[in-house]
Amino acid sequence: MELTNAYLLGIQKKVEEKNPAEAEFHQAAKEVLMSLQPVVEKDPKYMESGVIERLVEPERQIMFRVPWVDDSGKIQVNRGFRVQFNSAIGPYKGGLRFHPTVNLGVIKFLGFEQIFKNSLTTLPMGGGKGGSDFDPKGKSEGEIMRFCQSFMTELYRHIGPDTDVPAGDINVGGREIGYLFGQYKRITNTFAGVLTGKGLTFGGSLARTEATGYGLCYFTENMLNANGKSFKGQTVVISGSGNVAIYAHQKATELGAKVVAMCDSNGYIYDKNGVDLAAIKQIKEVERKRIKEYLTYHPDAEYHEGCKGIWTIPCDIALPSATQNEIDEESAKALAANGCYCVSEGSNMSSTPGAIEVYFANKMLYGPAKAANAGGVAVSGLEMSQNSERLSWSFEKVDKKLQAIMKDIFENCDEKSKMYGMPGNYMAGANIAGFLKVADAMIAQGN
Ligand code: NDP
């Protein structure tokens, strides 16, 4: 697919001029604009109202200093971000990422994607994202706590249960959300549903931890079923070994697949007998060590340095669940050459534009992140509902709702792809479905 519509090309040009050196944001915007070509051609209202020009401009971008004291007593400084991208259909909602690669362009791409993803969930949530270039690797428990407290000491004034409700993302899990929540509570003297992914003893939702990985598999199973296939008996490669990857492994296995490879940012393991999830959980969740340690549990498995090689392992289904642009054109070609027929994204914007071209050229099934990984934010939305009614739902109730939401998301993507003349292009279907609801709300609200 090419971006050829002159009006949308003009918007893309402006995005690139006004936001220089933000390559990931340019990439995310272009993918959506490409998908919207048939929409503006069919209904001029979306051009005449200027809604797309408005949509690519965040409502608010906040950058702040995060000073914290390390264990040796020295003051360290990081940069914090919160981009409040769009509140047309609900309070800003989206995770916080702590990683040395975080910069404004990365947060903007994530916040932009979040608008459409949250719209797809059918829940009333706007789009936002935040984080810091803080690197938690090698930091002590005390350093992590002090960093989180300092981060919230600035962030608290910008968020609130009806304004902006952050959650986790890379390197922000239950531990970090706990420290952030504690600091918000202390500063504001309120016990509020201002963050999701909280601990179960203070307002967290059952199944939130599992939600993104499970949701990814529910979406993928719906996509497979619609194309005469299923997870049953399939060989699966999952990148990453964090929150999304671990629970994607668990659900894919429950659905009858065999997961043969996983990775971290240092390297990947290949276990032809099926990756032992209990060992991965022990290494990554309990010991917080490198995936290489897997060999101490299973000496017959293979470990390879570097992540890219994971895509050369033969598989039927690939579930990238580590980070953006982790599958490039070359890796996509390797997957296709080895018989992989389905790529479904757990990580945000897992695939480069070149990789996506390869999927379409090879008629592979492609589940785009903003649809496939929407389960996490969907259950965050359900956590907000539970907080509002001061009740906790059972795991089964939340999981059932998650399954229904992921089915709806797939059906909506499928329907829009057909309606706009691109059957089977779930990327375009997701972008269009997510866009229509937000755009109509923005037009109605006049801002
Ligand atoms: P975690 O921090 O729990 O895990 C991230 C995993 O990816 C780790 O194994 C990490 O390895 C690996 N990783 C991170 N950066 C890189 C990199 N540059 N190269 C290779 N591997 C890398 O994060 P999550 O599982 O929560 O998030 C994974 C992806 O899923 C992200 O793209 C996130 O935006 C997306 N996502 C997460 C949601 C959630 O609910 N958590 C919701 C929707 C999307 P290492 O330990 O070595 O750093």
Side-chain angles (χ1 to χ4, degrees), residues 55 59 84-96 110-130 159-169 177 192-198 203-216 218-219 222 244 346 348 367-413 415-416 429-442 444-445:
L55 192 62
E59 289 177 17
Q84 298 178 329
F85 224 116
N86 194 293
S87 61
I89 62 168
Y92 309 107
K93 181 93 198 85
L96 299 170
L110 289 163
F112 185 68
E113 293 279 292
Q114 199 81 42
I115 303 170
F116 305 92
K117 182 189 308 196
N118 293 3
S119 164
L120 284 169
T121 66
T122 69
L123 301 174
M125 298 181 290
K129 199 85 187 187
I159 61 176
D162 297 318
T163 309
D164 184 354
V165 184
D169 190 79
I177 294 290
V194 69
L195 289 152
T196 57
K198 298 186 291 296
S205 173
L206 285 161
R208 174 60 188 90
T209 307
E210 293 83 356
T212 310
Y214 277 23
L216 170 63
Y218 295 147
F219 177 91
N222 275 286
V244 179
N348 286 304
K370 57 173 79 68
N373 74 18
V377 74
V379 172
S380 276
L382 301 179
E383 183 172 329
M384 290 165 74
S385 304
Q386 293 169 74
N387 291 167
S388 294
E389 59 176 27
R390 302 262 195 268
L391 288 173
S392 307
W393 302 343
S394 68
F395 188 98
E396 291 67 31
K397 178 169 174 176
V398 178
D399 188 40
K400 249 204 177 118
K401 284 186 182 288
L402 173 63
Q403 290 183 42
I405 289 171
M406 299 315 294
K407 185 168 190 282
D408 268 6
I409 293 177
F410 172 72
E411 285 170 357
N412 200 359
C413 297
E415 180 196 291
K416 296 298 181 301
N431 288 330
I432 294 170
F435 167 79
L436 290 174
K437 180 175 169 190
V438 175
D440 289 344
M442 289 172 73
Q445 292 171 26

- Can you list the residues that meet the side-chain hydrogen bond (donor to acceptor under 3.5 Å, both in side chains) rule with Glu415, with sequence neighbours excluded?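 Counting only residues at least two positions away or on another chain, Glu415 forms no side-chain hydrogen bond (donor to acceptor under 3.5 Å, both in side chains).
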
- Message: Holding to side-chain hydrogen bond (donor to acceptor under 3.5 Å, both in side chains), I want the full list of residues that pass it with Lys198, two or more places apart in sequence or in another chain.
- Response: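 Expected list: Glu383, Asn387.
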
Distance-only, no hydrogens or angles: does the [X] side chain make a donor-acceptor pair with backbone N or O of [Y] under 3.5 Å?
X      : Y      : result
Asp164 : Gln84  : no
Gln386 : Leu382 : yes
Asn86  : Gly127 : no
Lys129 : Gly94  : no

Nearest heavy-atom pair of [X] and [Y]: which atoms, and what distance?
X      : Y      : result
Ile89  : Ser119 : CD1-CA, 3.7 Å
Val377 : Met125 : O-CE, 3.5 Å
Lys437 : Leu123 : NZ-O, 4.0 Å
Pro91  : Pro124 : CD-O, 3.7 Å
Ala433 : Lys416 : CB-CG, 3.7 Å
Val379 : Ser205 : CG1-OG, 4.0 Å

- Message: For residues 394-404, which residue pairs pass the salt bridge (Lys or Arg N to Asp or Glu O under 4.0 Å) check, not counting sequence neighbours?
- Response: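 Pairs touching residues 394-404 that pass the test: none.
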
- Message: Show me the pairs that pass salt bridge (Lys or Arg N to Asp or Glu O under 4.0 Å) and involve residues 370-380, at least two apart or across chains.
- Response: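 Matches after skipping sequence neighbours: Glu31-Lys370, Glu113-Lys370.
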
Working to the nearest 0.5 Å, report the span between [atom1] of [X] and [atom2] of [Y].
X      : Y      : atom1 : atom2 : value
Asp169 : Thr212 : CG    : OG1   : 9.0 Å
Met442 : Ser87  : CE    : OG    : 9.0 Å
Ile159 : Leu96  : CD1   : CG    : 8.0 Å
Phe112 : Asn348 : CZ    : CG    : 13.0 Å
Phe116 : Phe435 : CZ    : CZ    : 7.5 Å
Leu55  : Ile115 : CG    : CD1   : 5.0 Å

- Query: Excluding sequence neighbours, so at least two apart, what forms side chain to side chain contact (heavy atoms under 4.5 Å, CB included) with Ala371?
  - Reply: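 Here the qualifying residues are Leu120, Phe219, Pro368, Ile409, Cys413, Ala430.
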
- Item | Counterpart residues, side chain to side chain contact (heavy atoms under 4.5 Å, CB included), relative to Leu206 (two or more places apart) |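 In terms of side chain to side chain contact (heavy atoms under 4.5 Å, CB included), with neighbours along the sequence ignored, Leu206 is linked to Leu200, Phe395.
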
Hey, are the side chains of [X] and [Y] touching, using non-hydrogen atoms and a 4.5 Å cut-off?
X      : Y      : answer
Pro166 : Leu195 : yes
Glu210 : Leu402 : no
Asn373 : Val244 : no
Gln114 : Leu110 : no

